[in-house]
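Scroll down for the structure; my scribbles are underneath it.
First the proteins, then the strands, lettered A, B, ... as listed; each starts at 1.
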Amino acid sequence: MDDGTGIANNPYGSTVEIFADESVLKEDWQPKELPEREDELEEIRNSLAPATRGVNAHNLFLYGKTGQGKTVAIDHELDLLKEFAAGTDKLELSVVKTSANNQSTSYQLAAHLIKEIRGSGKKPSGIDQQSMFDLLYDELRGLNETIIIVVDEIDSIGSNDDLLYELPRARKNGHLENHWISVIGISNDLEFRDNLSPKVKDSLYDSEIEFAPYNANQLTSILERRAERAFIDGVLADDVIPLCAAFAAQDEGSARQAIRLLYKAGEIALNNEQEAVEESHVREARDILERKRIEEGMRSLTTQDQFALLSVVALETAEETPARTRQVYQKYKSIVTRLDSNQLVERRVRDHLQSLGMQGFLIAETRNRGIQGGNHYRFELKTDLEATLEILSEDSRIDEVVEDLVDIATANGLI
DNA sequence: TCTCCACAGGAAATTGGGGGTT
DNA sequence: AACCCCCAATTTCCTGTGGAGA
């Protein structure tokens, strides 16, 4: 392997080759075709088509969990539509694309859209909602005749959906007399539709398309297409792709997750200087990614969430789990007192505990013991105790408590 | 079948902080 | 300085409920 230049001895000089084009596996890679979503693409096309006939495109809602190709699908079709618009004088098109992530209300979303259209400056604020909407209309008037507004993660707008009511009716209400406007909403939350107010459903719902989770076969095809470009021929063992697909399908059916898994498995093989990617690398990759997901979630907890988690961890180290809300709350109070932080009411701590349950840090099981216990929750730690303590100890606000817990856990032989 | 425990969890009101105008 | 808007987090108040035991 040493060609005499000495480079082969450099620690960066891997002796094995795994990837042909690694960029294909990156998050921002956009596939050119989506054979698994042909039906959905056609539906999108049918909904956008009216724009080419001089009226507004249908309003459209895309539903489906993350990694189902919703965003890719809409981008793909909008690109085609823009291409069409560029080649004809029948359609003057403006597309405004925004993510409602962090824009938790109509007010914020309107402000964000204004900023998006202006292309610079900061978000307007400090005015009342209708003035904000009026400001938005002013900006929209400056755009082309046909306007399509894409709002990704539209579910984060919650129940404050006034803007979604206003926008589709802007022409009818005289706010925008010379424009055709339509809204495309993309949502990960399948229940979002049910929480919308009736008037919004009425004005916004022309059509909706559901992106069902990919099954293992579809994921396999998706991975095969990527792998063909990404990896050198023959480095993937036969069962690697099906296994990645199976893991992802078992979970959320997310293509993104499946691709991450494959990428990670490839990296592991490479880092170990192995010539081929094997099944064991996939399993290792899954464990690493799963752990990373938990760690990231745990690091981004709010202070009060941390206290709630810490309370359960404390009970866990004392081997007193599963514990009902009341016990957790007692522990919570002592922890908060010790840290001299403000103490929340039990009702609120219960919400925090449940949110931790939904994020997968706790097991929250409801039970009913009739006359000797009634209806109640029982909480216990779902994640690995040692790893959890390690992550929590990184936070200086609570590390003194965590250190004590580590001692107790060690004494009890739990870690 | 009826009671009744020990909570769960919905709804409304309050708080406090960020950003603004006049 | 005085006052206005928006909003997430929290508190307050309350009604609802599954099943063990009579």
Among A:Leu140, A:Leu136, A:Leu109, the one residue meeting side-chain contact (heavy atoms from CB on, under 4.5 Å) with A:Ile114: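 Running side-chain contact (heavy atoms from CB on, under 4.5 Å) over A:Leu140, A:Leu136, A:Leu109 with A:Ile114 returns exactly one hit, A:Leu136.
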Reference residue A:Phe307; test side-chain contact (heavy atoms from CB on, under 4.5 Å); the match among A:Ile398, A:Thr302, A:Leu301: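 Only one option passes, and that is A:Ile398.
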Between atom [atom1] in [X] and atom [atom2] in [N], what is the gap in whole Å?
{"X": "A:Glu346", "N": "B:dA6", "atom1": "CD", "atom2": "C1'", "value": "10 Å"}
{"X": "A:Asn342", "N": "C:dT11", "atom1": "CG", "atom2": "C1'", "value": "13 Å"}
{"X": "A:Asp162", "N": "C:dC5", "atom1": "CG", "atom2": "P", "value": "16 Å"}
{"X": "A:Ile127", "N": "C:dC3", "atom1": "CD1", "atom2": "C1'", "value": "17 Å"}
{"X": "A:Arg369", "N": "B:dA8", "atom1": "CZ", "atom2": "C1'", "value": "18 Å"}
{"X": "A:Gln108", "N": "C:dC6", "atom1": "CD", "atom2": "C1'", "value": "8 Å"}
{"X": "A:Met132", "N": "B:dG19", "atom1": "CE", "atom2": "C1'", "value": "10 Å"}
{"X": "A:Asp351", "N": "C:dT12", "atom1": "CG", "atom2": "C1'", "value": "13 Å"}

Sugar-phosphate, base or nothing in reach of A:Gln343, heavy atoms under 4.0 Å: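 Here A:Gln343 touches the backbone only, sparing every base.
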Touch class at under 4.0 angstrom, heavy-atom based, for A:Thr325 against every strand present: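 Sugar-phosphate, no base atom in range.
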A:Lys97, NZ: over 12 other non-hydrogen atoms inside 6.0 angstrom: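 It does: A:Lys97 NZ has more than 12 such atoms within range.
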I'd like to know if [X] and [Y] make a salt bridge, using a cut-off of under 4.0 Å between side-chain N and carboxylate O.
{"X": "A:Glu36", "Y": "A:Arg225", "result": "yes"}
{"X": "A:Asp287", "Y": "A:Arg291", "result": "no"}
{"X": "A:Lys292", "Y": "A:Glu296", "result": "no"}
{"X": "A:Lys26", "Y": "A:Asp21", "result": "no"}

Closest nucleotide among C:dT10, B:dA11, C:dC6 to the A:Arg347 side chain: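 Within the option list, the nearest is B:dA11.
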A:Arg324 side chain near B:dC7 phosphate (N/O to OP1/OP2, under 4.0 Å):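 Yes.
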Presence of donor-acceptor pair under 3.5 Å, side chain of A:Asn368 and base of C:dG19: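 When only heavy-atom distances are counted, A:Asn368 does not reach the base of C:dG19 through any donor-acceptor pair under 3.5 Å.
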Within residues 370-382 of chain A: residues closer than 4.0 Å to DNA chain B (heavy atoms):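 When residues 370-382 of chain A is checked for heavy atoms under 4.0 Å from DNA chain B, the hits, listed by number, are A:Gly370, A:Ile371, A:Gly373, A:Gly374, A:Asn375, A:His376, A:Tyr377.
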